[in-house]
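Written out below as structure tokens is the structure these notes cover.
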Amino acid sequence: MNAKNTFRLQLVSTNGHETAKPLQVVPESDDRLLDAYSRSVSSSAELLSRSVVNIEVQQAAQAGRGKRTAAGSGSGFVFTPDGYIFTNSHVVNAVESIKVTLPDGQSVPGTLVGEDPHSDLAVIRVWAPGLVPAVLGDSRTLKPGHLVVAVGSPYGFQSTVTAGVVSALGRSMRAQTGRLIDNIIQTDAALNPGNSGGPLANSRGEVIGVNTAVIMPAQGICFAVPINSAKSIAVALMRDGHVRRAYLGVGLQNIDLSRRLARFHEIENHGATLILSVEANSPADKAGLHDGDAIIAINGHPINSADDLHRLLLETSDDGSCTITAVRHSQKMDFVCVPLLK
């Protein structure tokens, strides 16, 4: 590419009038900017490629009178040194066998540890030496426009790298079970069938999301579950093999909390989670919560984001009542709610 000249101007006073004249000419090349972008993508992809695996499954299916075995594939990534791997629930749902191809090309059998269809997340495990776990980042630091990199095996092409930006945050989408998944990351990094379960990482190679879905007719509209939500679900899956969560029946979106409002009510939160919808006859509906209410605490525990809310709901172990503190039209209110355990 051709270099561009950048002119820096200096104001000079002449007979009481200020005029601008070039101070110096600084050659600036687009190559330098492109090289920085390329280095970020390539270094992130290099770190990810040591942890990303290809997953092939054999799934029992009924066809006519007999029984046949359907094959499928997806992606995943190692997140512990002892072989625990993140992937999507829809990749490993109702499978008879799992084969995992490691970064060094070795194929080993995988065991399903647990899955959570409501978040489309699953954990499997392999036994193999020399596994390199991916570094898990903090999805709370993301902003629209941040560079993201995805590595996976779309259509069986292993170690495929794509890059893009965070298009939006706080999206909601429905899982195959019909339950809303809140706080989804939207990206334009190209994803295709087979990328499911692979990592979405920042420019430092830290995983900030688990790729989960694409809108097929559209271009550049792809989604990932935030890694902060995935961490909480992984703990439950590794401990119990399933996720038993308290259910409120609300659709949520993360928002910033007004400093003026926070000072007036002496709220220490920097954020809150806004209720976008309330399902009829749900625990939230029976408690009196409405669309537009901003949840700031549950039982005195601050709620700065949907991740905080989900983590507290995962930690709920009985059907007892809880106190939800919310802001409605600048008024701070408490609601007694009895979540359902599902």
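For clarity, every value in this text was computed on a predicted model and none was experimentally measured.
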Under a 4.5 Å cut-off applied to non-hydrogen side-chain atoms, are [X] and [Y] in contact?
| X | Y | result |
| --- | --- | --- |
| Asn183 | Asn254 | yes |
| Ile324 | Leu248 | yes |
| Val132 | Val78 | no |
| Val166 | Thr187 | no |
| Ile298 | Ile303 | yes |

Determine the minimum heavy-atom distance between [X] and [Y], stating which atoms define it.
| X | Y | answer |
| --- | --- | --- |
| Pro103 | Arg50 | CG-O, 3.3 Å |
| Ser75 | Ile55 | O-CD1, 3.6 Å |
| Ile184 | Pro226 | CA-CD, 4.3 Å |
| Gly198 | Phe77 | C-CD2, 4.0 Å |
| Leu121 | Leu237 | O-CD1, 4.2 Å |
| Leu289 | Ala326 | CD2-CB, 4.3 Å |

Given 3.5 Å as the limit, does a donor-acceptor pair link the side chain of [X] with the main chain of [Y], or not?
| X | Y | result |
| --- | --- | --- |
| Thr212 | Ala224 | no |
| Asp285 | Asn281 | yes |
| Asn299 | Cys322 | no |
| Asn54 | Thr101 | no |
| His265 | Ser330 | yes |
| Asn304 | His270 | yes |
| Ser38 | Asp35 | no |
| Ser51 | Ala134 | yes |
| Asp138 | Arg140 | yes |
| Asn202 | Ile208 | no |

Quick check: is [Y] connected to [X] through a chain of hydrophobic side chains (ILVMFWY, heavy atoms under 4.5 Å apart)?
| X | Y | result |
| --- | --- | --- |
| Ile267 | Ile275 | no |
| Val151 | Val207 | yes |
| Leu48 | Val161 | yes |
| Leu200 | Phe86 | no |
| Leu257 | Met333 | no |

If you count every heavy atom of other residues, nucleotides or ligands that lies below 6.0 Å from [X] atom [atom1], does the total exceed 12?
| X | atom1 | result |
| --- | --- | --- |
| Arg125 | CZ | yes |
| Asp82 | CG | yes |
| Gln106 | CD | yes |
| Lys99 | NZ | no |
| Asp256 | CG | no |

Ile124 and its side-chain contact (heavy atoms from CB on, under 4.5 Å) partner, picked from Val113, Thr111, Val100: Val100
Partner set under ring pair (Phe, Tyr, Trp, His ring centres under 6.0 Å) for Phe223, not counting sequence neighbours: none
Polar side chain donor-acceptor pair, Asp116 to Ser119, under 3.5 angstrom: yes
Distance-only side-chain donor-acceptor flag, Asp334 / Thr325, under 3.5 Å: yes
Residues in salt bridge (charged side-chain N to carboxylate O under 4.0 Å, His left out) contact with Arg328, at least two apart in sequence or another chain: Asp293
Lys231: partners by salt bridge (charged side-chain N to carboxylate O under 4.0 Å, His left out), with sequence neighbours left out: none
Verdict with supporting geometry, Asp120 and Ser89, side chain to side chain donor-acceptor pair (under 3.5 Å): CA-CA 5 Å; Asp120 198 21; Ser89 172; 4.5 Å; no
